[in-house]
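As the structure lists them, so they are numbered: ligands from 1, and atoms in each ligand from 1. Below, all heavy atoms of this structure are taken into account, side chains as well, without hydrogens, waters or symmetry copies. Note that this is a predicted model, so its numbers are computed, not measured. Counting begins at 1 with the first residue of the sequence.
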Amino acid sequence: MTEANTRAASHCHDDHDPDSMTLHQARQRMLESVNPVTGHERLGLRAALHRVLAEPVLAPIAVPGHDNAAMDGYALRGADLPGQGSVRLELMGTAWAGKPYTGSVGPGECVRIMTGAMVPEDCDTVIMQEKVTRESDQIIIPAGPRAGENIRRAGEDVQQGQTVLDTGAAITPARLGLLASLGLVEVTVRRRPRVAFFSTGDELTPLGQPLPPGGIYDSNRHTLFGMLTALGMDVLDMGVIPDARESLTAAFEDASTCADVVISTGGVSVGEADYIRDILGQVGQVDFWKVAIKPGRPLAFGRVGEAVFVGLPGNPVSAVVTFYQLVQPMLQRMMGIAEPGLPPLFPAICQSTLKKRPGRTEFQRGVLERDEAGQMQVRATPSQSSGVLSSMSEANCFIVLEMEQNQVAPGETVQVQPFWGVLP
Ligand code: AMP
Ligand code: MG
């Protein structure tokens, strides 16, 4: 009996394959097989976008550096505010953002102040301009406003000397701004992991060439380029490698000498042109090669020399799903991200019938929306075939169906995982 027949005979009720790792086991195994890359560099702030800090950042200054007005209005002494009725104060001058008022402010006096301007030394309160009546050089304040209002305190955002970001923090756009608010011009970040990748398949035609009979354009290399770049990897595109042992062996060896990670797509299943697992066993070590997920069961993981090797499946949706669910956390760890992770799951009402058999974790493509009552609703994209890449581009989430789950009827609650970061 062939391998496929044996499987069909002994497991006709579900998709369970005793040789497969569960999704969780595979993810753990991949995470545990790698370490953060060594090597730091000091980069100008903007060049550090999407990099990961190699050392903590301490605040050289407080932010804000001085008490300042949160509103346009009038700065005064809280003690002058009326308990009832109203009070009339004399206007002494103006405090602008970046141009402080340097005079004194006595009892019964006030200063016109703009948002962001330093609060004059004698004042402890800012009253919104909408709450007062102005009469030439005097203002009339009714009872109501309280002492201490509308002031942003020095150090309210960041205190001097405080650890603002720890080692392992990824530099997001908001953090870029936070670092700039501290006046920092450079930061120390980890080197980017270097990832070499190639597609395999005699049918694959590079862009710019006419399609021969039976040929298809190579889409995986572009999806992979996009996901790797969005993650901030240093990418090395090795092109299309034909289904031939010698060329594949050479590609494995070349890639592993110059990269931390080698990723291929295609050639990992049990067809007669599927050489990846064999070659991995010859030039390196196979750790595992089957994961109980759909799409994406065949996935080869191991090492070649110093490099980690991942052989992703060839079907375009399978390649994206396995990258997102398994490779992404591993790469985050190599980048030095303190807590690698994926978006959290949350419940939604399913509007579609979902076919599913126990034995594999499934990632169906879904479109998530909030209905008028505020309830999250998800529908499956029309095709769930692992070859239909348009389903991936149309979706905005995965519908995650756990191992033992059976088919889902409309109206049932399912778990969804929104796309973020590298998807869609
Ligand atoms: P394989 O795993 O090599 O048997 O490929 C499975 C399916 O995915 C086949 O239909 C291939 O033609 C297709 N495929 C493999 N690699 C790519 C690629 N780079 N771009 C688009 N389709 C691919
Ligand atoms: Mg192939």
Purely on distance, is any nitrogen or oxygen of [X] under 3.5 Å from one on ligand 1?
X      : value
Gly267 : yes
Gly314 : yes
Arg221 : no

Please check if the number of heavy atoms outside Gln209 that lie under 6.0 Å from its CD is greater than 12.
yes
Starting from [atom], what is the nearest protein heavy atom, named by residue and atom, and what distance separates them?
atom                    : answer
atom 19 (N) of ligand 1 : Asp218 OD1, 2.7 Å
atom 7 (C) of ligand 1  : Asn315 OD1, 3.3 Å
atom 12 (O) of ligand 1 : Glu203 OE2, 2.5 Å
atom 22 (N) of ligand 1 : Ile216 CD1, 3.4 Å

Is there a side-chain contact between Met238 and Phe197 in this structure, where contact means two heavy atoms from C-beta onward sitting under 4.5 Å apart? no
Contacts of Tyr217 meeting ring-ring contact (aromatic ring centres under 6.0 Å, His included) (sequence neighbours excluded), chain-then-number -> none
Quick note, salt bridge (charged side-chain N to carboxylate O under 4.0 Å, His left out) partners involving residues 35-47, not counting sequence neighbours, are Glu41-Arg51, Arg42-Glu186
Judged by heavy atoms only, the candidate from Val240, Val270, Asn220 nearest atom 17 (C) of ligand 1 is Asn220
Check the angle between the aromatic planes of Phe363 and Phe398 and answer parallel, tilted or perpendicular using the 30° and 60° thresholds.
-> perpendicular
Is NZ or CZ of Arg112 both nearer than 6.0 Å to the six-membered ring centre of Tyr74 and within 45° of the ring axis? yes
Notebook entry, point to check: Does Ser219 reach ligand 1, in the sense of a heavy atom lying below 4.0 Å from it?
Noted result: yes
So the atoms of ligand 1 within less than 4.0 Å of a heavy atom of Ser199 turn out to be 19 (N)
message: Any carboxylate oxygen within less than 4.0 angstrom of a Lys/Arg side-chain nitrogen, looking at Asp287 and Arg29?
response: yes
